[in-house]
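Below: the structure, in structure tokens.
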Amino acid sequence: MSNLRFSELGLSEEILKAVDKMGFEEASPIQTVAIPPILAGDDIVGLSSTGSGKTAAFAIPAVEKVDPKLRAVQVLVLCPTRELAVQVSEEMAKISSFKKGVHAFPIFGGQSYGRQFSALESGVQIIIGTPGRVLDHLERGSLRLDSLKMLVLDEADRMLDMGFREDIEQVLSQTAGEHQTLFFSATMPRQIEDLIRRFAKNPKRIKIEATAQNVPQVDQVFYEVDRRSKVEILTRVIDMNDFRYGIVFCSTKIMVDELEEHMTARGYLVERLHGDISQVQRTRVMEKFRRRGFEFLIATDVAARGLDVDDLEVVFNYDLPNDAEDYTHRIGRTGRAGRSGKAFTFVSGRELYKLQAMIRYGKINIRREKVPSLDLVEEARENQFFEKLRQTLDAGKFAKNERIIERLLEQGYESTDIIAALIHIIGGSSDAGPEDAKSAALAPEIDSENNFSKKQKLSKKSLPGKTDSGIAGNKKSSSEKNFDEKKSRHLKEKFDRPGRTGLEPGFATLYFNIGRKSLVTPADIVGKISGLAKVPASSVGAIDIHQRHSLVDVRDEVFAKVMSKLTGIRMKGEVLTVKIAEPE
Ligand code: ADP
Ligand code: MG
């Protein structure tokens, strides 16, 4: 069925004007199919993917049905989070902007009761709320539903995932009477069926299959990978594209935990979400993610459902989702609002058949690509660094540092050599390890925008040479800056020591069977040690990277632990051996 124009849906002039003003040209598939029966008074169950326009599918007929002269609640929308309540309320307001006397108001936990009481008393006709707070007002008697015409459950699947089942049931049983009930959801777990059976009358079922057209604009790629190299490939793809904000989906809690350790050890700013994490902690992680307090969220499907973000740069299916529906749900979190998002899916072994089935039945528009090689990654990093440098030069936003420059020139150094040396120090050159290049190129923005935990500072922010490099404006507080500078000096001394000048007391030297040839950097090694052996970075002393091995000084107390925790893990594609170094 092709999409209809809004003017073909039997809507009033006021609504058509509003929709036009909102810039909607034609109704989306779910809107085309759902609006007429809702206007006709049917109960419906509407199933379509995230981003397909479900809000307007119920908001348009809702506003249409409100009687502006009646100052009582006529439409009640339940939705999972306060952000969504606000969003839906705003959409209702836009749709009713030409229909005088119609008012919508969001109510949710955390907002003052005072404002909610007065809004309810003033006679708003459309209430959008989270289940708990709605129930609360019903029980207090401040929300009365005698004039209710329409009850909507928006994102029903997410509300159930978030544990609102009982609240929803209570609200539904208190609204029994003459009104329509509409269920909207991206997926249809069994629990919803149960609610529908009990609370909807002869519902019309509307299901819009996810097709290439109504999935938001997401560039979808899959890689066939060896299970053991997934972490490596994940980080390569992140580095190559310079991604800073995304979700990595795993199939199990254990996978989430493992990947979180690996990514942290590699210096990425990550947090995890899964069913075993306490509600308090989950809420904290979600809030932090929403305000971009870290880069990548590693999560299981269920844990990520309650999360309200749709402006991700990228979604990784580190493990294949169960079915096409979950796949669509996952990738729907990127590529919203007209921007194109990216989704990468890893398949290993027999998973390929499962993906092929999903592609066939779910009409998924995904293409296969070859895993990016290390060379490609390096080239991309170099380009990023180059761009950043060029932008800084063009913008002219840097201190001139004339004294240092003059002194160097006076002593007879060539300006090109000075620049080359600087690039070497900050690690932006193609000869330097890729991690260094990455950190140099990424440092300034990360630093100025966010407020990371100390653990993360150690793993990524304080890599050598990146903190005080001043490639771009750095708006940190002075104490933070001090911390970084101290840290950076400390690490710098540690890393830049030209030869081994003898062991510090209290330290012992370990041999790692991995070196420059595998593109390992001191930061990688410190990251791995602090991440996996769970010892502070200060327990690591001097590090010498040789062609095929590295010598790493660690404090006596952690010596054995580092050996046992790191032996056998994979690092840069090698299986690591860590042993006591022979005297040179
Ligand atoms: P869903 O609830 O299905 O996840 P939304 O209702 O949040 O999707 O809509 C996703 C985006 O699409 C919003 O930015 C919305 O403004 C936009 N949108 C909805 N309907 C249309 C339409 N008919 N034409 C253009 N954009 C639309
Ligand atoms: Mg929605």
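All values below come from the heavy atoms of this structure, side chains included, with hydrogens, waters and symmetry mates left out. Just follow the structure's listing: the first ligand is 1, and inside any ligand the first atom is 1.
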Numbering as shown, the atoms of ligand 1 that approach [X] to under 4.0 Å (heavy-atom distance):
X	value
E26	22 (C), 23 (N), 24 (N)
T55	2 (O), 5 (P), 6 (O), 7 (O)
S52	1 (P), 3 (O), 8 (O)
S28	23 (N)

Have a look at F24, F184, F58, F6 and point out the one with the heavy atom closest to atom 25 (C) of ligand 1.
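Closest candidate by heavy-atom distance is F24.
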
Less than 4.0 angstrom from a charged side-chain N to a carboxylate O is my criterion; do [X] and [Y] meet it?
X	Y	answer
E232	R266	yes
R244	D242	yes
E224	R368	yes
D319	K230	yes

Could you give the distance from CG (L9) to CD (E64), rounded to the nearest 0.5 Å?
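Those atoms lie 10.5 Å apart.
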
Which bit of Q31 is near ligand 1, meaning a heavy atom under 4.0 Å away: side chain, backbone, both or neither?
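The side chain, only.
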
Please classify the S49 to ligand 1 contact at 4.0 Å (heavy-atom distances, strictly less than): side chain, backbone, both or neither.
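Under 4.0 Å from ligand 1, S49 contributes backbone atoms alone.
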
Contact check: K54 vs ligand 1, nitrogen or oxygen atoms, below 3.5 angstrom:
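In this structure, K54 places an N or O atom under 3.5 Å from an N or O of ligand 1.
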
Kindly indicate, with the supporting measurements, whether the criterion salt bridge (charged side-chain N to carboxylate O under 4.0 Å, His left out) is fulfilled by R197 and E193.
CA-CA 6 Å; R197 226 182 22 252; E193 281 299 336; 5.8 Å; no

Nearest to the Mg ion (ligand 2), which N, O or S atom of E155 do we find?
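Closest to the Mg ion (ligand 2) among those atoms: OE2.
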
Ring centres under 6.0 Å, that's the criterion: do F249 and F316 meet it?
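Ring centres of F316 and F249 not closer than 6.0 Å.
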
